[in-house]
Amino acid sequence: MGMTITQKILAHKAGKDRVATGEFVTVPVDLAACHDAAANVVMDTFEATGADRVFDPERVAMTMRAYVPARDPVVAQVHERMRRFARRYGIRHFFDYDGGPHGIEHVLYPAQGLIAAGDVFLNSDSHTPTAGAFGAFAPAMGWSDVGVGLALGTTWFRVPESIKVVVDGPLRPYVGGKDIVLTLIGTIGVAGATYQVLEWTGSTIRALPIEERMTICNMAVEAGAKSAIMEPDEVSQAYIASRGGRPGIVFRSDPDATYARTVSFRGDALEPVVAKPSLPDRVAPVSEVRGTKVTQVFIGTCTNGRLSDLRAAASILKGRKVARGVRLLVSPATRETYMQALKEGLVEVLMEAGATVSPASCGPCAALHSGVLGPDDVCVSTSNRNFPGRMGHPDSKVYLAGPYVAAAAAVAGAIVPPEEVAR
């Protein structure tokens with residue numbers, strides 16, 4: 001009986017010829033990381049182990065991205081503690097907002113060449129599966145688990161089952177990775193992949209640029225999944241090489257691998273969609289909610305704050321203005337993304353349209369320090385969650401969408417098909 005790519009990675013790391021789903025394994029980690037929202041718990045747990053050093057200063061990363069710049073004295077103290085921790089333990093990959101690279105780790109770490117095919121990536125965030133776009137096993141993990149991982153350099157897993165998701169055929173205009181993953185979540189539900197791996201394949205997936213693949217893997221946890229993964233190919237390997245990263249080890253699923261189930265879609269049958277308040281699986285075509293008035297639009301986050309997303313938004317907004325009464329907030333995912341968007345003139349296009357562009361951070365995504373919604377607000381967001389209170393007041397309403405739909409809503413003042421604005 002064959003194995004999936006995930007089983008092969010875990011078997012290799014555990015030093016075994018094969019592993020079966022449900023089996024418990026202990027494996028070394030290639031990178032262990034945390035961010036400022038989780039840092040106190042991670043550092044507290046690490047110190048509670050009694051360790052006097054991290055397992056490998058070259059394979060530990062820390063980034064400030066949730067509260068950038070620090071919003072209050074409490075956060076400022078967390079940032080100060082992270083700086084002391086990094087200095088004490090010689091952590092090389094420490095990303096402060098001091099002029100060097102920084103931003104949301106799900107975009108930043110691949111861009112820094114820290115993720116490779118076949119890696120096991122341990123990180124204190126539920127959207128860590130983003131790295132699955134490169135053929136890494138990158139599960140959502142608890143903060144205390146990461147703290148122990150910093151000390152030991154190992155962690156344990158119950159080998160998960162996998163769901164094969166096959167998408168074939170060309171995509172229509174204005175349909176992207178966000179529409180693909182939302183369509184899946186709407187099909188299987190927010191608990192449809194609990195403790196399973198979403199393994200994406202098919203001609204549509206193979207034709208996507210790496211940033212769209214990252215968007216798809218990013219939202220695995222919104223279907224309850226442990227992780228998401230795609231088989232490495234020339235696209236993902238070329239990106240890693242361009243960033244000076246390790247080639248890693250390429251694993252591919254066997255033809256006779258066993259899956260919990262298979263879900264298939266035709267790419268040319270997909271259309272722009274939104275997830276209606278207040279669950280990511282309340283997915284509907286944009287045409288179904290056409291005319292829904294909005295007060296705020298947010299373009300950014302680890303899901304859709306990449307350069308390609310800003311380009312998509314700018315293609316809709318160029319030469320147009322944001323509707324009166326609508327606030328358009330844009331937050332590039334990393335400093336590099338921001339700088340490149342400046343060089344390409346994207347920031348000018350966005351701001352001339354009426355956008356407020358903020359520093360690279362999570363910002364409005366989880367009502368952390370900017371763009372907080374009030375009780376009467378209706379927001380279209382390119383983020384990954386729309387639970388009650390996620391972006392502010394529990395009575396506010398959030399529609400999840402891709403950058404084309406979000407930008408079109410900003411111009412129209414309501415949710416509309418992007419082609420109605422772009423034509």
Side-chain angles (χ1 to χ4, degrees), residues 169-187 189-190 212 215 219 222 265-301 303-304 309-330 350 353-355 364 371 373-388 390-392 395-423:
L171 295 175
R172 299 178 183 181
Y174 307 116
V175 175
K178 186 63 160 289
D179 304 289
I180 294 172
V181 69
L182 283 178
T183 298
L184 174 75
I185 296 168
T187 300
V190 291
E212 295 284 348
T215 292
M219 291 188 66
E222 266 59 70
F265 298 103
R266 287 293 306 174
D268 47 12
L270 301 178
E271 56 184 301
V273 297
V274 298
K276 299 183 292 184
S278 292
L279 283 173
D281 64 359
R282 297 196 67 226
V283 177
V286 168
S287 56
E288 184 178 305
V289 295
R290 185 186 181 282
T292 302
K293 299 295 184 183
V294 303
T295 60
Q296 181 166 301
V297 172
F298 173 47
I299 299 171
T301 79
T303 313
N304 285 114
D309 301 306
L310 302 187
R311 289 170 177 158
S315 73
I316 298 289
L317 290 162
K318 188 171 184 178
R320 300 179 174 91
K321 294 292 184 181
V322 173
R324 291 296 299 270
V326 176
R327 309 178 300 275
L328 172 59
L329 310 181
V330 179
L350 297 171
L373 299 178
D376 298 325
D377 275 321
V378 178
C379 179
V380 173
S381 175
T382 66
S383 56
N384 37 50
R385 287 181 183 151
N386 60 347
F387 305 140
R390 168 73 175 182
M391 295 185 68
D395 290 340
S396 62
K397 294 178 174 59
V398 178
Y399 290 78
L400 303 180
Y404 289 116
V405 174
V411 173
I415 298 175
V416 295
E419 58 268 23
E420 290 190 11
V421 172
R423 64 188 174 201

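Nothing here was measured: the structure is a model prediction, and the numbers come from that model.
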Visitor: Could you report the tightest heavy-atom contact between Ser383 and Met391, atom names first, then the distance?
Guide: OG-SD, 4.4 Å

Visitor: So, applying side-chain contact (heavy atoms from CB on, under 4.5 Å) with Val274, which one of Val398, Val405, Val283, Leu182 is it?
Guide: Val405

Visitor: Given the rule in the side-chain contact (heavy atoms from CB on, under 4.5 Å) test, do Thr303 and Leu400 qualify, once you have shown the distances and angles that lead to the verdict?
Guide: CA-CA 11 Å; Thr303 313; Leu400 303 180; over 6 Å; no

Visitor: Under 4.5 Å between any side-chain heavy atoms of Leu329 and Gln296, yes or no?
Guide: yes

Visitor: Could you note down all residue pairs passing salt bridge (Lys or Arg N to Asp or Glu O under 4.0 Å) where residues 277-290 supplies at least one of them, sequence neighbours left out?
Guide: Lys276-Glu288, Arg290-Glu420

Visitor: Looking only at non-hydrogen atoms, find the nearest pair between Pro388 and Ser278 and report the distance.
Guide: CD-CB, 3.6 Å

Visitor: Would you find a donor on one side and an acceptor on the other, under 3.5 Å apart, between the side chain of Glu271 and the backbone of Pro285?
Guide: no

Visitor: To the nearest 0.5 Å, tell me how far Ile180 CD1 sits from Thr215 OG1.
Guide: 9.5 Å

Visitor: How close do Tyr399 and Thr292 get, heavy atom to heavy atom, and via which atoms?
Guide: OH-CG2, 3.6 Å

Visitor: For Asp377, what residues pass the salt bridge (Lys or Arg N to Asp or Glu O under 4.0 Å) criterion, not counting sequence neighbours?
Guide: Arg327

Visitor: Given side-chain contact (heavy atoms from CB on, under 4.5 Å), test Leu184 with Phe265 step by step and report yes or no.
Guide: CA-CA 9 Å; Leu184 174 75; Phe265 298 103; 3.8 Å; yes

Visitor: Within the side chain of Lys178, is there an N or O that forms a donor-acceptor pair under 3.5 Å with the backbone of Thr382?
Guide: yes

Visitor: To the nearest 0.5 Å, what is the distance between CG (Asp179) and CD (Glu212)?
Guide: 8.5 Å

Visitor: At their closest point, which heavy atom of Ala313 faces which heavy atom of Ile299, and how far apart are they?
Guide: CB-CD1, 3.7 Å

Visitor: Using a 3.5 Å cut-off and no angle test, enumerate the donor-acceptor pairs between side-chain atoms of residues 317-325 and protein atoms at least two apart in sequence or in another chain.
Guide:
from, atom 1, to, atom 2, distance (Å)
Arg320, NE, Val421, O, 3.1
Arg320, NH1, Ile316, O, 2.7
Arg320, NH2, Val421, O, 3.0
Arg320, NH2, Ala422, O, 3.2
Lys321, NZ, Glu352, O, 2.5

Visitor: Between Glu222 and Arg385 (salt bridge meaning N to carboxylate O under 4.0 Å), is one present in this structure?
Guide: yes

Visitor: For the residue pair Pro280 and Ile185, what are the closest heavy atoms and their distance?
Guide: O-CG2, 3.5 Å

Visitor: Using atom types as modelled and distance alone, determine if a side-chain donor or acceptor of Asn386 lies under 3.5 Å from a backbone N or O of Leu279.
Guide: yes

Visitor: Which heavy atom of Pro272 sits nearest a heavy atom of Tyr174, and at what distance?
Guide: CG-O, 3.7 Å

Visitor: Check step by step if side-chain contact (heavy atoms from CB on, under 4.5 Å) holds for Val380 and Ile415.
Guide: CA-CA 8 Å; Val380 173; Ile415 298 175; 3.8 Å; yes

Visitor: Rounded to the nearest 0.5 Å, how far does OG of Ser396 lie from CZ of Arg390?
Guide: 12.0 Å

Visitor: With heavy-atom distances below 4.5 Å as the criterion, would you say the side chains of Leu310 and Val330 are in contact?
Guide: yes

Visitor: Determine whether Val175 and Leu270 satisfy the following criterion, side-chain contact (heavy atoms from CB on, under 4.5 Å), listing intermediate values before the conclusion.
Guide: CA-CA 7 Å; Val175 175; Leu270 301 178; 4.2 Å; yes

